[in-house]
Amino acid sequence: MKFYLSCLICLALVIPTFLAAQNAGDIGSYTSTVFVERSQIDSLSSFAGLGLASGQSFDVGFGYHSVSLDGESGRLYEADIKNTGGMLGYFHQWDRVSAGLLASFATNKIEAGPSADNNNSFSTDIDGNGFQVAAAAAKDWDNWSLNGMIGIGNRSYDGLRQFVPPSPNPALPKSSTLDTQSFFFRATLAYHFHTDSDWTFKPFLTAGFESVETDAFEEIDVSGNAGDEADVDSFQNDGAIVEGGVAILYTGNATFKPVLIVSYFQNLGNSELDLSWENPPLPAQATQIPNPGQSLFKGDLGATADFGNNWSLSGLFGYQNGDSYSGYGVNVVVDYAF
(Lines give C-alpha, C1' and ligand atoms only; values in the text may rest on other atoms or scores of the structure.)
Protein backbone atom coordinates (compact mmCIF):
# COMPACT_ATOMS: atom_id res chain seq x y z
CA MET A 1 0.00 0.00 0.00
CA LYS A 2 2.82 2.38 0.90
CA PHE A 3 4.51 1.53 -2.41
CA TYR A 4 1.41 2.43 -4.44
CA LEU A 5 0.89 5.58 -2.40
CA SER A 6 4.50 6.59 -3.09
CA CYS A 7 3.96 5.99 -6.82
CA LEU A 8 0.84 8.15 -6.82
CA ILE A 9 2.71 10.95 -5.05
CA CYS A 10 5.55 10.73 -7.59
CA LEU A 11 3.09 10.85 -10.50
CA ALA A 12 1.36 13.84 -8.96
CA LEU A 13 4.68 15.64 -8.93
CA VAL A 14 6.07 14.41 -12.24
CA ILE A 15 3.03 14.80 -14.50
CA PRO A 16 2.56 18.56 -13.91
CA THR A 17 6.29 19.08 -14.38
CA PHE A 18 6.20 17.07 -17.62
CA LEU A 19 3.22 19.05 -18.90
CA ALA A 20 4.95 22.27 -17.92
CA ALA A 21 8.02 21.22 -19.91
CA GLN A 22 5.81 20.50 -22.91
CA ASN A 23 4.08 23.85 -22.45
CA ALA A 24 7.46 25.57 -22.26
CA GLY A 25 8.19 24.43 -25.79
CA ASP A 26 4.75 25.53 -26.98
CA ILE A 27 4.91 28.91 -25.27
CA GLY A 28 8.37 29.16 -26.81
CA SER A 29 6.55 29.81 -30.10
CA TYR A 30 6.16 33.38 -28.85
CA THR A 31 9.93 33.77 -29.27
CA SER A 32 9.33 33.80 -33.04
CA THR A 33 8.63 37.50 -32.58
CA VAL A 34 12.40 38.06 -32.62
CA PHE A 35 12.44 37.10 -36.29
CA VAL A 36 9.78 39.72 -37.00
CA GLU A 37 12.08 42.38 -35.61
CA ARG A 38 15.07 40.99 -37.46
CA SER A 39 13.43 41.10 -40.87
CA GLN A 40 12.20 44.63 -40.19
CA ILE A 41 15.73 45.75 -39.26
CA ASP A 42 17.08 44.20 -42.49
CA SER A 43 14.43 45.98 -44.54
CA LEU A 44 15.10 49.33 -42.86
CA SER A 45 18.86 48.88 -43.34
CA SER A 46 18.44 48.36 -47.11
CA PHE A 47 16.13 51.37 -47.24
CA ALA A 48 18.70 53.52 -45.39
CA GLY A 49 21.52 52.45 -47.71
CA LEU A 50 19.52 53.37 -50.79
CA GLY A 51 18.52 56.76 -49.39
CA LEU A 52 22.04 57.65 -48.27
CA ALA A 53 23.38 56.81 -51.73
CA SER A 54 20.85 59.05 -53.48
CA GLY A 55 22.07 62.24 -51.77
CA GLN A 56 19.51 64.86 -50.77
CA SER A 57 16.16 63.16 -51.18
CA PHE A 58 12.82 62.13 -49.79
CA ASP A 59 12.03 58.40 -50.02
CA VAL A 60 8.86 56.34 -49.61
CA GLY A 61 9.04 52.55 -49.52
CA PHE A 62 6.90 49.43 -49.27
CA GLY A 63 8.06 46.01 -48.09
CA TYR A 64 6.72 42.47 -47.78
CA HIS A 65 8.69 39.69 -46.07
CA SER A 66 7.97 36.04 -45.42
CA VAL A 67 9.98 33.80 -43.06
CA SER A 68 9.64 30.05 -42.43
CA LEU A 69 11.11 28.42 -39.30
CA ASP A 70 11.40 24.68 -38.76
CA GLY A 71 12.35 22.70 -35.69
CA GLU A 72 15.46 20.88 -36.90
CA SER A 73 17.71 22.83 -34.50
CA GLY A 74 15.93 21.49 -31.41
CA ARG A 75 13.25 24.17 -31.28
CA LEU A 76 9.88 22.69 -30.26
CA TYR A 77 7.84 24.72 -32.72
CA GLU A 78 7.68 25.67 -36.39
CA ALA A 79 6.33 28.97 -37.67
CA ASP A 80 5.41 31.01 -40.73
CA ILE A 81 5.87 34.77 -40.39
CA LYS A 82 4.48 37.47 -42.69
CA ASN A 83 5.41 41.18 -42.44
CA THR A 84 3.85 43.96 -44.51
CA GLY A 85 4.66 47.64 -44.10
CA GLY A 86 5.85 50.99 -45.33
CA MET A 87 8.90 53.22 -44.82
CA LEU A 88 9.61 56.96 -44.92
CA GLY A 89 12.97 58.70 -45.05
CA TYR A 90 14.48 62.15 -45.44
CA PHE A 91 18.15 62.42 -46.40
CA HIS A 92 20.44 65.46 -46.64
CA GLN A 93 23.91 65.76 -48.15
CA TRP A 94 26.88 67.99 -47.37
CA ASP A 95 29.72 67.51 -49.84
CA ARG A 96 30.65 63.81 -49.36
CA VAL A 97 28.72 63.32 -46.12
CA SER A 98 25.03 62.39 -46.01
CA ALA A 99 22.63 61.76 -43.14
CA GLY A 100 18.98 61.00 -42.71
CA LEU A 101 16.02 60.15 -40.50
CA LEU A 102 13.81 57.19 -41.33
CA ALA A 103 10.85 55.30 -39.95
CA SER A 104 8.90 52.14 -40.72
CA PHE A 105 5.51 50.77 -39.75
CA ALA A 106 4.45 47.16 -40.32
CA THR A 107 1.72 44.67 -39.54
CA ASN A 108 2.88 41.18 -38.61
CA LYS A 109 1.27 37.74 -38.56
CA ILE A 110 2.75 34.55 -37.06
CA GLU A 111 1.25 31.06 -37.38
CA ALA A 112 3.08 28.44 -35.31
CA GLY A 113 2.68 24.73 -34.58
CA PRO A 114 4.62 21.81 -33.11
CA SER A 115 7.89 20.52 -34.49
CA ALA A 116 8.56 16.81 -35.02
CA ASP A 117 10.15 16.64 -31.52
CA ASN A 118 7.07 18.03 -29.74
CA ASN A 119 4.37 15.58 -28.64
CA ASN A 120 1.80 18.34 -28.19
CA SER A 121 -0.55 19.19 -31.06
CA PHE A 122 -1.07 22.93 -30.77
CA SER A 123 -1.47 26.06 -32.82
CA THR A 124 -0.39 29.60 -31.98
CA ASP A 125 -1.70 32.60 -33.89
CA ILE A 126 -0.04 35.95 -33.18
CA ASP A 127 -1.06 39.25 -34.80
CA GLY A 128 0.93 42.41 -34.25
CA ASN A 129 1.91 45.82 -35.48
CA GLY A 130 4.59 48.31 -34.61
CA PHE A 131 7.18 50.78 -35.75
CA GLN A 132 10.90 51.46 -35.92
CA VAL A 133 12.68 54.83 -36.09
CA ALA A 134 16.35 55.31 -36.91
CA ALA A 135 19.05 57.80 -37.81
CA ALA A 136 21.61 57.01 -40.51
CA ALA A 137 24.77 58.63 -41.87
CA ALA A 138 27.38 57.92 -44.56
CA LYS A 139 30.81 59.19 -45.57
CA ASP A 140 32.61 58.66 -48.90
CA TRP A 141 36.30 59.21 -49.58
CA ASP A 142 38.42 57.99 -52.49
CA ASN A 143 37.25 54.41 -53.12
CA TRP A 144 36.01 53.79 -49.59
CA SER A 145 32.61 54.34 -47.99
CA LEU A 146 31.31 54.00 -44.45
CA ASN A 147 27.69 54.14 -43.37
CA GLY A 148 25.85 53.42 -40.15
CA MET A 149 22.35 53.21 -38.69
CA ILE A 150 21.09 53.30 -35.12
CA GLY A 151 17.47 52.96 -34.04
CA ILE A 152 14.76 51.66 -31.76
CA GLY A 153 11.48 49.84 -32.25
CA ASN A 154 8.24 49.02 -30.45
CA ARG A 155 5.68 46.37 -31.33
CA SER A 156 2.46 45.00 -29.77
CA TYR A 157 0.99 41.52 -30.28
CA ASP A 158 -2.19 39.63 -29.52
CA GLY A 159 -1.72 35.87 -29.28
CA LEU A 160 -4.01 32.84 -29.11
CA ARG A 161 -2.56 29.39 -28.30
CA GLN A 162 -4.69 26.27 -28.29
CA PHE A 163 -4.18 22.51 -28.18
CA VAL A 164 -5.79 20.33 -30.79
CA PRO A 165 -6.29 16.53 -30.90
CA PRO A 166 -4.39 14.26 -30.54
CA SER A 167 -2.50 16.37 -28.02
CA PRO A 168 -1.84 14.51 -24.72
CA ASN A 169 -2.34 17.83 -22.94
CA PRO A 170 -5.72 19.19 -24.10
CA ALA A 171 -6.80 22.52 -22.69
CA LEU A 172 -8.96 25.48 -23.52
CA PRO A 173 -7.53 28.19 -25.80
CA LYS A 174 -5.31 30.74 -24.06
CA SER A 175 -4.97 34.38 -25.03
CA SER A 176 -2.14 36.80 -24.39
CA THR A 177 -1.03 40.34 -25.08
CA LEU A 178 2.67 41.12 -25.30
CA ASP A 179 4.88 44.09 -26.16
CA THR A 180 8.43 44.09 -27.50
CA GLN A 181 11.10 46.77 -27.65
CA SER A 182 14.18 46.67 -29.82
CA PHE A 183 17.48 48.48 -30.14
CA PHE A 184 19.78 48.05 -33.12
CA PHE A 185 23.00 49.40 -34.56
CA ARG A 186 24.79 48.60 -37.83
CA ALA A 187 27.90 49.96 -39.56
CA THR A 188 29.12 48.97 -43.02
CA LEU A 189 32.57 49.54 -44.52
CA ALA A 190 32.91 49.04 -48.29
CA TYR A 191 35.56 49.38 -50.99
CA HIS A 192 34.56 50.35 -54.54
CA PHE A 193 36.31 48.67 -57.49
CA HIS A 194 35.38 50.68 -60.59
CA THR A 195 35.76 49.10 -64.04
CA ASP A 196 35.98 50.60 -67.52
CA SER A 197 32.61 49.03 -68.39
CA ASP A 198 30.70 51.13 -65.82
CA TRP A 199 30.26 48.18 -63.46
CA THR A 200 31.32 48.56 -59.83
CA PHE A 201 32.27 45.70 -57.50
CA LYS A 202 31.77 46.63 -53.87
CA PRO A 203 32.97 44.13 -51.23
CA PHE A 204 31.63 45.09 -47.81
CA LEU A 205 31.74 44.15 -44.15
CA THR A 206 28.93 44.94 -41.72
CA ALA A 207 29.06 44.74 -37.92
CA GLY A 208 26.38 45.61 -35.42
CA PHE A 209 24.27 44.74 -32.41
CA GLU A 210 20.60 43.83 -31.99
CA SER A 211 18.52 43.54 -28.83
CA VAL A 212 14.87 42.47 -28.66
CA GLU A 213 13.14 42.43 -25.26
CA THR A 214 9.61 41.25 -24.49
CA ASP A 215 7.80 42.57 -21.43
CA ALA A 216 6.42 40.07 -18.91
CA PHE A 217 3.01 38.76 -19.94
CA GLU A 218 0.41 36.14 -18.98
CA GLU A 219 -1.51 33.52 -20.87
CA ILE A 220 -5.13 33.49 -19.68
CA ASP A 221 -7.80 30.86 -20.25
CA VAL A 222 -10.29 32.48 -22.66
CA SER A 223 -13.20 30.98 -20.71
CA GLY A 224 -12.23 32.91 -17.60
CA ASN A 225 -11.99 29.70 -15.60
CA ALA A 226 -8.93 28.62 -13.65
CA GLY A 227 -6.42 26.66 -15.72
CA ASP A 228 -2.71 26.14 -16.14
CA GLU A 229 -2.09 29.84 -16.74
CA ALA A 230 1.51 30.68 -17.55
CA ASP A 231 3.47 33.73 -16.51
CA VAL A 232 6.25 34.63 -18.92
CA ASP A 233 8.51 36.61 -16.65
CA SER A 234 11.04 37.68 -19.26
CA PHE A 235 12.20 37.04 -22.76
CA GLN A 236 15.24 38.71 -24.28
CA ASN A 237 17.42 38.17 -27.33
CA ASP A 238 20.74 40.03 -27.54
CA GLY A 239 23.52 39.47 -29.99
CA ALA A 240 26.23 40.93 -32.18
CA ILE A 241 25.82 40.54 -35.93
CA VAL A 242 28.40 40.36 -38.71
CA GLU A 243 27.85 40.20 -42.45
CA GLY A 244 30.29 40.04 -45.34
CA GLY A 245 29.63 40.04 -49.05
CA VAL A 246 29.89 41.84 -52.36
CA ALA A 247 27.54 44.11 -54.29
CA ILE A 248 27.76 44.29 -58.08
CA LEU A 249 26.06 47.35 -59.52
CA TYR A 250 25.89 49.29 -62.75
CA THR A 251 26.92 52.92 -62.26
CA GLY A 252 26.90 54.16 -65.85
CA ASN A 253 24.61 56.73 -67.39
CA ALA A 254 21.53 54.59 -68.04
CA THR A 255 17.84 54.64 -67.24
CA PHE A 256 17.87 51.10 -65.88
CA LYS A 257 20.63 50.14 -63.39
CA PRO A 258 20.70 46.54 -62.08
CA VAL A 259 22.31 45.41 -58.81
CA LEU A 260 23.22 42.01 -57.36
CA ILE A 261 24.22 41.45 -53.72
CA VAL A 262 25.43 38.18 -52.21
CA SER A 263 26.49 37.86 -48.57
CA TYR A 264 26.92 35.66 -45.51
CA PHE A 265 25.19 36.79 -42.30
CA GLN A 266 25.95 35.63 -38.75
CA ASN A 267 23.89 36.49 -35.66
CA LEU A 268 25.62 35.65 -32.38
CA GLY A 269 22.56 36.04 -30.13
CA ASN A 270 20.58 33.58 -28.07
CA SER A 271 17.14 33.58 -26.44
CA GLU A 272 16.07 32.77 -22.91
CA LEU A 273 12.46 32.44 -21.81
CA ASP A 274 11.66 32.45 -18.06
CA LEU A 275 8.39 30.67 -17.29
CA SER A 276 6.25 29.94 -14.24
CA TRP A 277 2.81 28.42 -13.82
CA GLU A 278 0.06 29.62 -11.49
CA ASN A 279 -2.13 26.52 -11.61
CA PRO A 280 -0.69 24.03 -10.89
CA PRO A 281 1.90 26.13 -9.02
CA LEU A 282 5.36 25.25 -10.25
CA PRO A 283 8.75 26.91 -9.85
CA ALA A 284 9.97 29.29 -12.54
CA GLN A 285 11.92 27.72 -15.37
CA ALA A 286 14.73 29.31 -17.37
CA THR A 287 14.27 27.77 -20.80
CA GLN A 288 16.90 28.21 -23.50
CA ILE A 289 15.13 28.62 -26.84
CA PRO A 290 17.42 27.71 -29.76
CA ASN A 291 17.71 30.66 -32.10
CA PRO A 292 18.17 29.15 -35.57
CA GLY A 293 18.75 31.34 -38.55
CA GLN A 294 21.96 32.63 -36.99
CA SER A 295 23.99 31.60 -40.04
CA LEU A 296 22.43 32.75 -43.28
CA PHE A 297 23.35 32.99 -46.93
CA LYS A 298 21.64 35.96 -48.53
CA GLY A 299 21.08 36.99 -52.12
CA ASP A 300 19.43 40.18 -53.41
CA LEU A 301 18.62 41.09 -57.00
CA GLY A 302 17.16 44.42 -58.01
CA ALA A 303 17.34 47.52 -60.15
CA THR A 304 16.82 51.27 -60.13
CA ALA A 305 14.88 53.00 -62.92
CA ASP A 306 15.56 56.73 -63.42
CA PHE A 307 12.49 58.54 -64.77
CA GLY A 308 14.07 61.98 -64.93
CA ASN A 309 12.82 65.14 -63.23
CA ASN A 310 14.54 63.88 -60.03
CA TRP A 311 12.30 60.81 -59.72
CA SER A 312 13.48 57.20 -59.53
CA LEU A 313 11.99 53.83 -58.65
CA SER A 314 13.98 50.99 -57.05
CA GLY A 315 13.01 47.38 -56.47
CA LEU A 316 14.87 44.64 -54.62
CA PHE A 317 14.01 40.96 -54.21
CA GLY A 318 15.92 39.09 -51.52
CA TYR A 319 16.21 35.46 -50.46
CA GLN A 320 17.77 34.06 -47.26
CA ASN A 321 18.54 30.49 -46.29
CA GLY A 322 20.16 29.05 -43.19
CA ASP A 323 19.90 26.48 -40.43
CA SER A 324 16.16 25.81 -39.92
CA TYR A 325 15.39 29.16 -41.53
CA SER A 326 14.38 30.42 -44.96
CA GLY A 327 12.82 33.64 -46.10
CA TYR A 328 12.25 36.06 -48.93
CA GLY A 329 11.27 39.69 -49.23
CA VAL A 330 10.41 42.44 -51.69
CA ASN A 331 11.19 46.13 -51.19
CA VAL A 332 10.00 48.89 -53.53
CA VAL A 333 11.22 52.47 -53.02
CA VAL A 334 10.22 55.73 -54.71
CA ASP A 335 12.95 58.40 -54.48
CA TYR A 336 12.63 62.12 -55.11
CA ALA A 337 15.98 63.93 -55.20
CA PHE A 338 16.14 67.72 -54.79
Practice task
Over 60° means perpendicular and under 30° means parallel, so classify the ring planes of Y90 and H92, tilted if in between.
Solution key: tilted

Exercise for the section: Using the rule that two of Ile, Leu, Val, Met, Phe, Trp, Tyr join whenever any of their side-chain heavy atoms come within less than 4.5 Å, decide whether L178 and F35 are in one cluster. Expected result: yes

Handout entry: Ion pair check, K257 and D198, cut-off under 4.0 Å
Key = no

Exercise for the section: Taking the side chain as every heavy atom from C-beta outward, state whether R155 and T180 have any pair of such atoms under 4.5 Å apart. Expected result: yes

Exercise for the section: Dump the intermediate steps for side-chain contact (heavy atoms from CB on, under 4.5 Å) on D59 and M87, then the final yes or no. Expected result: CA-CA 8 Å; D59 291 14; M87 297 165 285; over 6 Å; no

Problem - Where T304 and S314 come nearest, the two heavy atoms and their spacing - result: OG1-OG, 2.8 Å

Problem - Atom of L52, atom of A138 and distance for their closest heavy-atom approach - result: CD1-CB, 4.0 Å

Exercise for the section: Kindly assign one of parallel, tilted or perpendicular to the pair W199 and Y250, based on the angle between their ring planes and the thresholds 30° and 60°. Expected result: perpendicular

Practice task
Of all the heavy-atom pairs spanning D142 and R96, show the shortest one and how long it is.
Solution key: N-NH2, 3.5 Å

Practice task
Hey, could you give me the CG/CG distance between L50 and D335, rounded to the nearest 0.5 Å?
Solution key: 6.5 Å

Handout entry: Short N-O contact, K298 and E243, less than 4.0 angstrom
Key = yes

Problem - Shortest non-hydrogen contact between F91 and G100, atoms and distance - result: CD2-CA, 3.7 Å

Problem - V262 side chain reached by V246 side chain, heavy atoms, under 4.5 Å - result: yes

Practice task
Identify whether F193 and L146 are in the same connected component of the hydrophobic contact network (ILVMFWY, side-chain heavy atoms under 4.5 Å).
Solution key: yes

Handout entry: Connected via hydrophobic side-chain network under 4.5 Å: V34 and L296
Key = yes

Handout entry: Straight-line distance of L260 CG to L301 CG, nearest 0.5 Å
Key = 6.0 Å

Problem - Donor-acceptor side-chain pairing of S46 and N331 below 3.5 angstrom - result: no

Handout entry: Polar side chain donor-acceptor pair, T107 to N129, under 3.5 angstrom
Key = no

Practice task
Report yes if some heavy atom in the side chain of K139 is under 4.5 Å from a heavy atom in the side chain of S145; otherwise report no.
Solution key: no

Practice task
Apply the test side-chain contact (heavy atoms from CB on, under 4.5 Å) to residues D158 and L160: give CA-CA distance (whole Å), side-chain angles for both, the deciding distance (0.1 Å), then the verdict.
Solution key: CA-CA 7 Å; D158 291 317; L160 181 67; over 6 Å; no

Problem - Residue pair Y157 / V36, side-chain heavy-atom distance below 4.5 Å - result: yes

Problem - Test item: I152 and V133 side chains (from C-beta on) under 4.5 Å apart, heavy atoms - result: yes

Fill in the blank from the handout: OG1 of T124 to CD of E78, rounded to nearest 0.5 Å, is 12.5 Å

Practice task
Evaluate the side-chain proximity of L313 to W311: yes if any heavy-atom separation is below 4.5 Å, no if none is.
Solution key: no

Handout entry: S326 side chain near Y319 side chain, heavy-atom distance below 4.5 Å
Key = yes

Exercise for the section: Kindly assign one of parallel, tilted or perpendicular to the pair F183 and F209, based on the angle between their ring planes and the thresholds 30° and 60°. Expected result: tilted

Exercise for the section: Answer yes if the side chains of D215 and Q181 hold a donor-acceptor pair under 3.5 Å, and no otherwise. Expected result: yes

Exercise for the section: Give a yes or no answer on whether the side chain of S54 reaches the backbone of G51 with a donor-acceptor pair at less than 3.5 Å. Expected result: yes

Practice task
Identify the heavy atoms of K82 and Y64 that sit nearest to each other, and give their distance.
Solution key: CD-OH, 3.0 Å

Problem - Point-to-point distance, once rounded to the nearest 0.5 Å, from OG of S68 to OH of Y328 - result: 8.0 Å

Practice task
Enter the distance from S104:OG to F47:CZ here, rounded to the nearest 0.5 Å.
Solution key: 9.0 Å

Handout entry: Verdict with reasoning, I241 to T206, per side-chain contact (heavy atoms from CB on, under 4.5 Å)
Key = CA-CA 8 Å; I241 66 105; T206 298; 4.2 Å; yes

Practice task
Would you check if the distance from the ring center of Y264 to the ring center of F297 is below 6.0 Å?
Solution key: yes

Practice task
Go through the steps to decide whether S182 and E210 satisfy the test side-chain contact (heavy atoms from CB on, under 4.5 Å), and finish with yes or no.
Solution key: CA-CA 7 Å; S182 63; E210 298 174 0; over 6 Å; no

Problem - In one Ile/Leu/Val/Met/Phe/Trp/Tyr side-chain cluster, 4.5 Å: V67, Y30 - result: yes

Handout entry: N83 versus N108, closest heavy-atom pair with distance
Key = OD1-ND2, 3.0 Å

Problem - Same cluster (ILVMFWY, side-chain, under 4.5 Å), V333 and M149 - result: yes

Practice task
Kindly assign one of parallel, tilted or perpendicular to the pair F338 and Y336, based on the angle between their ring planes and the thresholds 30° and 60°.
Solution key: parallel

Problem - Side-chain donor-acceptor contact under 3.5 Å, T255 with D306 - result: no

Handout entry: H194 side chain to T200 side chain, donor-acceptor N/O pair below 3.5 angstrom
Key = yes

Handout entry: Distance-only side-chain donor-acceptor flag, Q320 / Y325, under 3.5 Å
Key = yes

Handout entry: CG-OG1 distance between D179 and T214, expressed to the nearest 0.5 angstrom
Key = 9.0 Å

Exercise for the section: Verify, without hydrogens or angle tests, whether D95 (side chain) and V97 (backbone) share a donor-acceptor contact under 3.5 angstrom. Expected result: no

Practice task
Indicate yes or no: does D127 engage K109 in a salt bridge with an N to O separation below 4.0 Å.
Solution key: yes

Practice task
State, with a plain yes or no, whether a side-chain heavy atom of L69 is found less than 4.5 Å away from one of S32.
Solution key: yes

